Protein chains: 2
Amino acid sequence: MKIGLVGGGLAGSLLAVYMARKGHEVHVFERRPDMRGGQYEGGRSINLALSMRGLKALEKVGLDVPVLEQAIPMHGRMMHDLAGNLTYQPYGKDGQAINSVSRGGLNIQLIQLADAYPNIHLYFRHRCTHADLDTASATFETEDGSSMEFQGDYLIGTDGAYSAVRDAFQRSNRFNYSQSYIDHGYKELEIVPGPGGSFPMEKHCLHIWPRAAYMLIALPNPDGSFTCTLFFPWEGNPSFTSLDSDAKIKAFMEEQFSDAVGLMPNYLHDFNTNPTGSLVTVRSYPWVRGKAALLGDAAHAIVPFYGQGMNCAFEDCRILDECMERHPGNMAAALDEYQVLRKTNADAVADLALQNFVEMRDRVGDAGFLHRKHVEHDLAELYPDRFRSQYELVSFSNEPYRYAWDQGVRNGALLDYLIENKLEDQLGDRALLTPLFDRFL
Amino acid sequence: MKIGLVGGGLAGSLLAVYMARKGHEVHVFERRPDMRGGQYEGGRSINLALSMRGLKALEKVGLDVPVLEQAIPMHGRMMHDLAGNLTYQPYGKDGQAINSVSRGGLNIQLIQLADAYPNIHLYFRHRCTHADLDTASATFETEDGSSMEFQGDYLIGTDGAYSAVRDAFQRSNRFNYSQSYIDHGYKELEIVPGPGGSFPMEKHCLHIWPRAAYMLIALPNPDGSFTCTLFFPWEGNPSFTSLDSDAKIKAFMEEQFSDAVGLMPNYLHDFNTNPTGSLVTVRSYPWVRGKAALLGDAAHAIVPFYGQGMNCAFEDCRILDECMERHPGNMAAALDEYQVLRKTNADAVADLALQNFVEMRDRVGDAGFLHRKHVEHDLAELYPDRFRSQYELVSFSNEPYRYAWDQGVRNGALLDYLIENKLEDQLGDRALLTPLFDRFL
């Protein structure tokens, strides 16, 4: 079958490989230039947290080991308070970690793999200007301004949160769609490497400066630097709007992130010149119409606070691959099963990501919350057969996101009960806990 | 000030009059032909329920009396069960009624009024193909295929649920938007007049055939006919999809709406040839950006089940007019106050309309629900100083929709208490009721 993929980013390039392995003829159209040409700035670009769902999808095409070789495991969160005091909270059990990877580096690895398949055809600097869902055809504007027509058996939009293919869905009848922006934007800053490429902060952590109404985070890069992201209100005081002079930016940064600014020699320049990004949640349905489909951010963009956007898109690819295996030769049936299986989980991870923003920027600075996390961690260590935290289910399992959401609600009721009844010292008592697991979980 | 209004439907033509009365130069661009040219089919078109909010907005421009002269008051709902038995439920107190009006007739009255203002310029068959929010300019395709440019001080989109102006908002950054379709579509059918233009059913009612998963409704027209609308699932059994032959349509209609089909001689033809409409809720924000704004369905389309779409759009006009009065000469301030005042109420009426669909198609056929409505009605009659039903607040008051939603929740708790404690026979006991009003409302 001849498949057109609009978008050769992370989701598109992985999906191309999955499709090629099924024997399809795959044409991938990417708006941007070929990243392998060096047009991509390596370590400076945003990095991502790769966790189990993403790894499982990469494993199926043999990319998990090569990608992990370039990644830095992060075993927990390191919270920085106003005075620079540190508090550590592990993400999971011993050995469990999420992985800081370079978005650009990973995309290049995926493009290289895709390019090795003779039945994958890559087109760069091809911008989709029109898509027809019923005929699986599309028009692209190429580098020299000329236009190119594609005509296939299926057309799949893997072109991200501002998908051109989804625009065609939106012009069709009865397409449910929402785009919802949070009140915060983001700005990338950089902590530079220490002497000789050493890490100026604890390497194997995701660092957070939680400040209730906003936060700074930092993820490690292999060269000893950290990519920092400030999540900050667009309006109000303080906000991107209110910090309208170098003096105000400096005073704010030094007061709020005193231990970080000393490691960010270029923060004022970066603050003034790096773009401010917006953060959107996109929900849509159906994802399949006529001979066309949506996958990844094009179908369900989420905010980045659970580190699941890429993992969810990769899981989309893996689940669609399983649907194709169950319906060999019947792409319509495979796509329909894919959308039914994935929709509720995409909605769940969107909600998880919004919820985690409040947790990261506000609650992780709170002693009561950290106590609760300790109790949760102890339960997970003591009763791996009975108790899994929501974080573990999201990041260290392949259970459906919807299950993780629901289980998080049930876990919360159990934790409330244990803390209200001051049972924290008796967590090792299996005879006490078993009926509580039965009751709450 | 030079104002461009994109859309000369109900909201656009009323807003034009409001703007003209403030001394502005108003240009109204309508995609469709001039309805006054007879291109509009009179009594066959859908009719609408005009209630207090709409009347108040019309009153300010002197149109309330002329419009009511063409309208038919409906004092309550008449429910038809499977056997054709009738149950009546009044909408409010004696004398309170919503009014069945012809959409086309009302629009013509508004256009005639607008045309009488020398500072209103009407353009028909002008389709908006581009709008620029920052410069208040727009491009229109005219009847002969040529294009026309408009350049004003402000541009306002009153062009309905599928607004072209809103498309320009959607291409701007951080615009929150959702379109959500319900699983039901609608089909118009017609009950023909009785002998000599008499009414073959009770004239002063909105008739409902509630069938749980779907419903038929009918509103009276001055010529003795009723415009019927079948709200029915798109998919499933039964649905528009499953009724795929004349025999199936006939069997279904005769079984479910036995007393109505006898009055609808052309229903099979109408069912097969009338289009099936879809029902969407549109939410968006902001409604003001640069030199442009959205009003009415363009900003907040709702499903028709509370009969509030037009009333809400007319109330938008009235509130914006009040904002212009509070900020003379400062359109930016007026528009900003308008959007802040209206957004929460537009969200509330969207939820009210969705909630009322369940009530109309399902609950009005239930004895427990009707008992509850009786209790509510008695409270409203006995204690006009203390108790107003949600229906009364929505249809017979100008209180904010948000207040009506909240008060409906509080009323519900009081009704639950009265019925659970079997106090229905003591509603006249003010000494008993007063502390309950204090407690619940």
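Because the structure is predicted, anything quoted here is derived from the model rather than measured. Chain naming here is simple, since letters A, B, ... match the order of the sequence lines and numbering starts at 1 in each.
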Please find the pair of heavy atoms, one from B/D270 and one from B/E188, that lie closest to each other, and give the distance. CB-O, 4.1 Å
Between A/R127 and A/D159, does at least one N-O distance fall below 4.0 Å, as a salt bridge requires? no
Below 4.5 Å from any heavy atom of chain B, which atoms of A/F175 appear? Answer side chain, backbone, both or neither. both
Selection from A/V280, A/N173, A/N176 maximising heavy-atom pairs under 4.5 Å formed with chain B: A/N176
What option among B/Q179, B/Q170, B/R174 has the most heavy-atom pairs under 4.5 Å with chain A? B/R174
Flag yes if more than 12 heavy atoms outside A/R211 fall under 6.0 Å of its CZ atom; otherwise flag no. yes
Contacts of type ring-ring contact (aromatic ring centres under 6.0 Å, His included), residue B/Y177, not counting sequence neighbours: none
